[in-house]
K.L.:
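Sharing a structure with you now.
Residues: numbered from 1 along the sequence shown.
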Amino acid sequence: MKEYEVAIIGAGPAGVAAAVQLARYGIDFVLFEKNSVGGLVKNANMIENYPGLPDGLSGTRFVDLLKEHLQRLGIETIKGKIERVSFADDRFTLSSANENIKANRVIIASGTVPIRLDFPVIHDSLTDKVLYEVYSIRGLKDRHIAIIGGGDAAFDYALNLARHNNVSILMRGGKTRCLPLLLERSEANDRVQIYYDTTVESVQE
């Protein structure tokens with residue numbers, strides 16, 4: 001069983017930052033990512049709150065820079081999902097489908113989990129068209145896309161997709177939960193329509 005001083009779960013911005021710092025200190029570590037480097041940040045329309053980047057940059061460009069940073073430092077990412085973490089004899093054991101490792105410390109940087117739809121009716125033919133990220137459809141053009149939610153992610157995703165599509169944002173409540181800046185930009189975008197007090201009961205053709 002392989003042993004490390006530190007195990008990092010998740011190679012999004014937080015996990016990559018931890019890996020870079022540990023590499024600088026010469027600390028032995030392992031970095032796990034179940035999907036791809038960058039995590040959910042690849043869906044972002046514009047990252048403009050990162051110090052030193054006053055003009056902002058797209059989520060996909062930021063992911064490229066994260067990968068470049070890891071490569072430059074020779075940091076490898078282990079592809080796999082950590083299914084269980086246990087602690088005994090002052091050490092952690094991390095278990096995946098392929099292997100178990102031990103570590104003295106664990107950094108959990110697994111990011112956020114999208115809220116799944118809580119209504120029961122999604123037509124069988126549409127299950128592959130109900131998504132929780134926009135990265136896979138970023139190349140779509142001239143479509144009408146509905147986004148359910150009223151938080152930062154919903155409005156940021158809408159602005160991202162509205163570059164080439166018409167987008168409707170559907171919110172159950174009468175007030176947004178997003179940053180005022182995102183609301184202002186969405187209201188000013190002719191390709192984004194915002195619907196308040198709208199409850200989705202089913203998704204069908």
K.L.:
Using modelled atom types and a 3.5 Å cut-off, is there a donor and acceptor pairing between side-chain atoms of N189 and backbone atoms of R191?
P.N.:
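Yes; judged by distance alone, with no hydrogens or angles, the pair exists.
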K.L.:
If Ile, Leu, Val, Met, Phe, Trp and Tyr residues are connected whenever their side-chain heavy atoms lie under 4.5 Å apart, and connections chain through other members, are Y132 and L140 in the same group?
P.N.:
no
K.L.:
Mind checking whether P13 and Y50 have side chains closer than 4.5 Å, heavy atoms only?
P.N.:
no
K.L.:
Just checking, is any N or O donor in the side chain of K102 or T93 under 3.5 Å from an acceptor N or O on the other one?
P.N.:
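On atom types as modelled, these side chains qualify, holding a pair under 3.5 Å.
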K.L.:
Apply side-chain contact (heavy atoms from CB on, under 4.5 Å) to the pair Y135 and L40, showing each step before the final yes or no.
P.N.:
CA-CA 9 Å; Y135 180 76; L40 292 177; over 6 Å; no
K.L.:
Show your working on side-chain contact (heavy atoms from CB on, under 4.5 Å) between V30 and F32 and close with a plain yes or no.
P.N.:
CA-CA 7 Å; V30 61; F32 285 97; 3.7 Å; yes
K.L.:
Among side-chain atoms of R138 and N160, is any donor-acceptor pair under 3.5 angstrom?
P.N.:
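Not at all, the side chains of R138 and N160 share no donor-acceptor pair under 3.5 Å.
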K.L.:
With a 6.0 Å cut-off (strictly less than), is the heavy-atom count around CD of Q71, excluding the residue itself, greater than 12?
P.N.:
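Not more than 12 within 6.0 Å, no.
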K.L.:
State whether the number of non-hydrogen atoms from other residues, nucleotides or ligands found under 6.0 Å of L65 atom CG is greater than 12.
P.N.:
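Yes - once you tally the heavy atoms of other residues, nucleotides and ligands closer than 6.0 Å, there are more than 12.
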K.L.:
If you group Ile, Leu, Val, Met, Phe, Trp and Tyr by side-chain heavy-atom gaps below 4.5 Å, do I147 and L131 land in one group?
P.N.:
yes
K.L.:
Atom CG of L31 and atom OG1 of T77: how far apart are they, to the nearest 0.5 Å?
P.N.:
4.5 Å
K.L.:
Is it the case that over 12 heavy atoms from other parts of the model lie below 6.0 angstrom from the CZ atom of R163?
P.N.:
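Yes, the 6.0 Å shell around CZ holds more than 12 heavy atoms from other groups.
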K.L.:
Do S95 and N100 have side-chain atoms, one donor and one acceptor, less than 3.5 Å apart?
P.N.:
yes
K.L.:
Is there a chain of hydrophobic side chains (I, L, V, M, F, W, Y, each step under 4.5 Å between heavy atoms) that links V16 to V6?
P.N.:
yes
K.L.:
For residues S168 and Y195, report the shortest heavy-atom separation together with the two atoms involved.
P.N.:
OG-CE1, 3.7 Å
K.L.:
Go through the steps to decide whether F155 and I194 satisfy the test side-chain contact (heavy atoms from CB on, under 4.5 Å), and finish with yes or no.
P.N.:
CA-CA 9 Å; F155 279 80; I194 304 170; 3.7 Å; yes
K.L.:
May I ask you to check whether over 12 heavy atoms, not counting those of Y25, lie within 6.0 Å of atom OH?
P.N.:
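Not buried by this count: 12 neighbours or fewer within 6.0 Å.
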K.L.:
Determine yes or no for a side-chain-to-main-chain donor-acceptor pair under 3.5 angstrom, with D197 supplying the side chain and G174 the backbone.
P.N.:
yes
K.L.:
Same hydrophobic cluster for I78 and V37, using side-chain heavy-atom links shorter than 4.5 Å among ILVMFWY?
P.N.:
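Hydrophobic grouping puts I78 apart from V37.
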K.L.:
Assess whether atom CG of D190 is packed by more than 12 heavy atoms of other residues, nucleotides or ligands within 6.0 Å.
P.N.:
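Result for CG/D190: open.
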K.L.:
Tell me the closest heavy-atom pair linking L94 and A7, and the distance in Å.
P.N.:
CD2-CB, 3.7 Å
K.L.:
Just by distance, do the side chain of N43 and the backbone of V134 share a donor-acceptor pair under 3.5 Å?
P.N.:
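Between the backbone of V134 and the side chain of N43 there is a qualifying donor-acceptor contact (under 3.5 Å).
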K.L.:
Would you name the heavy atoms of D156 and A44 that are closest together and state the gap between them?
P.N.:
OD2-CA, 3.2 Å
K.L.:
Taking all heavy atoms of I107 and all of A18, pick out the closest pair and write down the distance.
P.N.:
CD1-CB, 3.9 Å
K.L.:
Donor-acceptor check, side chain of E33 to backbone of N35, threshold 3.5 angstrom: yes or no?
P.N.:
yes
K.L.:
To the nearest 0.5 Å, tell me how far S58 OG sits from K42 NZ.
P.N.:
13.0 Å
K.L.:
Within a reach of under 6.0 Å around OH of Y196, are more than 12 heavy atoms found that belong to other residues, nucleotides or ligands?
P.N.:
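Enclosed.
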K.L.:
Less than 4.5 Å apart, any side-chain heavy atom of L161 and any of I137?
P.N.:
yes
K.L.:
Rounded at 0.5 Å granularity, tell me how far CD1 in I169 sits from CD1 in I145.
P.N.:
11.5 Å
K.L.:
Tell me whether the centres of the aromatic rings in Y4 and F29 are closer together than 6.0 Å.
P.N.:
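So the answer is no for these two rings.
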K.L.:
Taking all atoms of both residues into account, what is the closest heavy-atom pair of A146 and L170, and its distance?
P.N.:
CB-CD1, 4.2 Å
K.L.:
Is there a side-chain contact between T198 and M171, using heavy atoms and a 4.5 Å cut-off?
P.N.:
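T198 vs M171: side chains apart.
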K.L.:
How long is the gap from OG on S110 to CD1 on I82, to the nearest 0.5 Å?
P.N.:
11.0 Å
K.L.:
Counting only heavy atoms from other residues, nucleotides and ligands, does the tally under 6.0 Å from CD of E76 exceed 12?
P.N.:
no
K.L.:
Are side-chain heavy atoms of I9 and V106 found at a separation under 4.5 Å?
P.N.:
yes
K.L.:
Evaluate side-chain contact (heavy atoms from CB on, under 4.5 Å) for E184 paired with L179, printing each intermediate quantity in order.
P.N.:
CA-CA 9 Å; E184 179 182 337; L179 291 169; over 6 Å; no
K.L.:
May I have the step-by-step check of side chain to side chain donor-acceptor pair (under 3.5 Å) for N104 and R91, ending in yes or no?
P.N.:
CA-CA 5 Å; N104 291 327; R91 302 209 73 187; 2.9 Å; yes
K.L.:
Measuring only between side-chain heavy atoms, which start at C-beta, is V167 closer than 4.5 Å to L159?
P.N.:
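V167 vs L159: side chains apart.
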K.L.:
Kindly work out whether a path of hydrophobic side-chain contacts (I/L/V/M/F/W/Y, heavy atoms less than 4.5 Å apart) joins Y157 to I148.
P.N.:
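The answer is no; the residues belong to distinct hydrophobic clusters.
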K.L.:
Do NZ/NE/NH1/NH2 and the carboxylate oxygens of R185 and E48 come within less than 4.0 Å?
P.N.:
yes
K.L.:
Would you say the side-chain atoms of N165 pair up with the backbone N or O of H144, donor to acceptor, closer than 3.5 Å?
P.N.:
no
K.L.:
Could you tell me which non-hydrogen atom of G15 sits nearest to which non-hydrogen atom of A109, and how far apart they are?
P.N.:
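Looking at all heavy atoms of both residues, the shortest contact is N-CB, 3.6 Å.
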K.L.:
So, taking the atom named CG in L66 and the one named CZ in R61, what distance separates them when rounded to the nearest 0.5 Å?
P.N.:
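The CG atom of L66 sits 10.5 Å away from the CZ atom of R61.
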K.L.:
What is the distance from atom NZ of K34 to atom CD of E83, rounded to the nearest 0.5 Å?
P.N.:
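Nearest 0.5 Å value for the NZ-CD distance: 10.5 Å.
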